[in-house]
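Inspection log for the structure reproduced underneath, given as structure tokens.
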Number of protein chains: 2
Amino acid sequence: MAAKDRREELIAAAFRVMVRDGVVKTTTRAVVNEAKMPLGVFHYCFNSREELLQEVITRITDSGVAKARKVFEGEGDLGARIAKSLYTFWEGVELNPGEHQVGYELTHYALRQEGFEDLARRQYEHYLEVHEQLLAEAAESAGIKWTVPLPVLARYLNSVLDGVTLCWLVDRNSEHTREVLRLTGEHLMSLAAKAD
Amino acid sequence: MAAKDRREELIAAAFRVMVRDGVVKTTTRAVVNEAKMPLGVFHYCFNSREELLQEVITRITDSGVAKARKVFEGEGDLGARIAKSLYTFWEGVELNPGEHQVGYELTHYALRQEGFEDLARRQYEHYLEVHEQLLAEAAESAGIKWTVPLPVLARYLNSVLDGVTLCWLVDRNSEHTREVLRLTGEHLMSLAAKAD
DNA sequence: CGGTGTCTTGGACGATCGACCAACTACGAT
DNA sequence: ATCGTAGTTGGTCGATCGTCCAAGACACCG
């Protein structure tokens, strides 16, 4: 009935196809087939395939940011909060690996697509910003100061999470990954000092 | 003249195309065009495009392993060696970003390709193994023990390097990345204890 | 000389893709 | 009732892809 509703359904269908078959195989035909719509619908709702992918990228970025904020909710001292956040983050990865895999695929796709580089840049800009905010908030509520500049610490955290996720997507070694996250949590703790 | 030589040239040409245009656009025609050979050559030297990509993956893995070993060569105490290794690694990334980008693209490609998952798994298995060896060697030559199990420490190091590289490929913030690597080096130092 | 096997080549095939379009329907406003 | 706009559809176009093949070129061995 509504063109806008069709758009949303197609975006959701595209995301499902991506998780199942990968970004490369997410063709216009595969998407409309997943959404059980005739092929003609596609270019009535989207100017191009790229426009659809762009939409999916922003959705994933926003969803990732929101999820990160939710992960960090909680109480307790700094140590407990960090440990729980890392644990919750990892729960999310193991529960939904395809989503993260698609995220990386889209990042690399955007880096190669003329005019899409900014989209990837904004994606990581958001992630780094969120990590920075959460680290700052944690420091304030715990009454501590980070002994490392916040942007650096945020990049460090973001990198470790990206790295362990990528590595786990390949070899699925959950046990070692959890140990790495525990180690990272302890490291973060050691970078906190009493506030002035 | 030689079928085997053609093979090697095609592999090299394929790698060049990948770095320039990405894995997805590395078609049989693009490769033979890069190598300045007629199209028919391709399926005389390779049974399929997948066979070529498989060959490129193993080359990149081997080259990465060799480069990692070379990066770790050097003298001095543990701190200097770690710092220099991280610095040399990062020099390599900044000097040749495309190569690393292709590496990640191929990993994700392999994860999606039926029967190629093992190739990606072996790739990371090698990397982790090399990091483990280098960390063990460093500990021995410095007369220290790692206070964290070696496989975990290797995965941690591998993850940080992967993560910062990926992040830098997107936002090209060299300054913060170097600080993260410095931080990581100090962290590793803090995980060393005098051997028994 | 003839033949046998390794190269080399241009062209062609079938499949799949993104994109487009003309025709059809439904429905509210005039 | 008529018109116009938004929605809907199946079919089709041109481009590009991986793959294959038949025919020619070359060299070595009998």
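Residue numbers start from 1 in every chain, and the chains themselves are labelled A, B, ... in the order their sequence lines are given, proteins ahead of strands.
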Taking salt bridge (charged side-chain N to carboxylate O under 4.0 Å, His left out) as the definition, give me every residue that meets it alongside B/Arg122, ordered by chain and number, with sequence neighbours left out.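 B/Arg122 satisfies salt bridge (charged side-chain N to carboxylate O under 4.0 Å, His left out) with no residue once adjacent residues are dropped.
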Qualifying residues under salt bridge (charged side-chain N to carboxylate O under 4.0 Å, His left out), relative to B/Arg182, sequence neighbours excluded: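 Only B/Glu179, B/Glu186 meet the salt bridge (charged side-chain N to carboxylate O under 4.0 Å, His left out) criterion with B/Arg182.
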Using whole Å, what does the distance between atom [atom2] of nucleotide [N] and atom [atom1] of [X] come to?
{"X": "A/Leu10", "N": "D/dG7", "atom1": "CG", "atom2": "C1'", "value": "14 Å"}
{"X": "A/Lys4", "N": "D/dT8", "atom1": "NZ", "atom2": "P", "value": "14 Å"}
{"X": "A/Arg6", "N": "D/dT8", "atom1": "CZ", "atom2": "C1'", "value": "7 Å"}
{"X": "A/Tyr44", "N": "C/dA23", "atom1": "OH", "atom2": "P", "value": "18 Å"}
{"X": "B/Met37", "N": "C/dT8", "atom1": "CE", "atom2": "P", "value": "9 Å"}

Give me each pair satisfying ring pair (Phe, Tyr, Trp, His ring centres under 6.0 Å) with a member in [range], each pair once, sequence neighbours excluded.
{"range": "residues 176-196 of chain B", "value": "A/His187-B/His187, B/Tyr156-B/His187"}
{"range": "residues 13-32 of chain B", "value": "none"}
{"range": "residues 61-86 of chain B", "value": "none"}
{"range": "residues 26-58 of chain A", "value": "A/Phe42-A/Phe46"}

Quick check on contacts: within residues 12-22 of chain B, what sits under 4.0 Å from DNA chain D by heavy-atom distance? none
Any residue in residues 101-115 of chain A with a heavy atom nearer than 4.0 angstrom to DNA chain C? Just list them by number, or reply none. none
Taking the hydrophobic residues Ile, Leu, Val, Met, Phe, Trp and Tyr, and joining any pair whose side-chain heavy atoms are under 4.5 Å apart, which ones share a cluster with B/Val17?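 Once heavy-atom contacts under 4.5 Å are chained together, B/Val17 still belongs with nothing else.
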ILVMFWY clustering at 4.5 Å (side-chain atoms), partners of B/Val24: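 Members besides B/Val24, by chain and number: A/Val24.
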Residues forming a ring-ring contact (aromatic ring centres under 6.0 Å, His included) with A/Trp90, sequence neighbours excluded: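 Partners of A/Trp90 by the ring-ring contact (aromatic ring centres under 6.0 Å, His included) criterion, ordered by chain and then number, come out as A/Trp168.
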Going 5' to 3' through nucleotides 14-20 of chain C, assign each nucleotide B (protein heavy atom under 4.0 Å from a base atom), S (under 4.0 Å only from sugar-phosphate atoms) or - (no protein heavy atom that close). ---BBB-
Minimum-distance nucleotide to B/Pro38 side chain [options: C/dT9, D/dT9, D/dA6]: C/dT9
Does A/Glu50 have more than 12 heavy atoms from other residues, nucleotides or ligands lying within 6.0 Å of its CD? yes
Exceeds 12 heavy-atom contacts within 6.0 angstrom, atom CD of B/Glu51: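 Enclosed: over 12 neighbouring heavy atoms sit under 6.0 Å from CD of B/Glu51.
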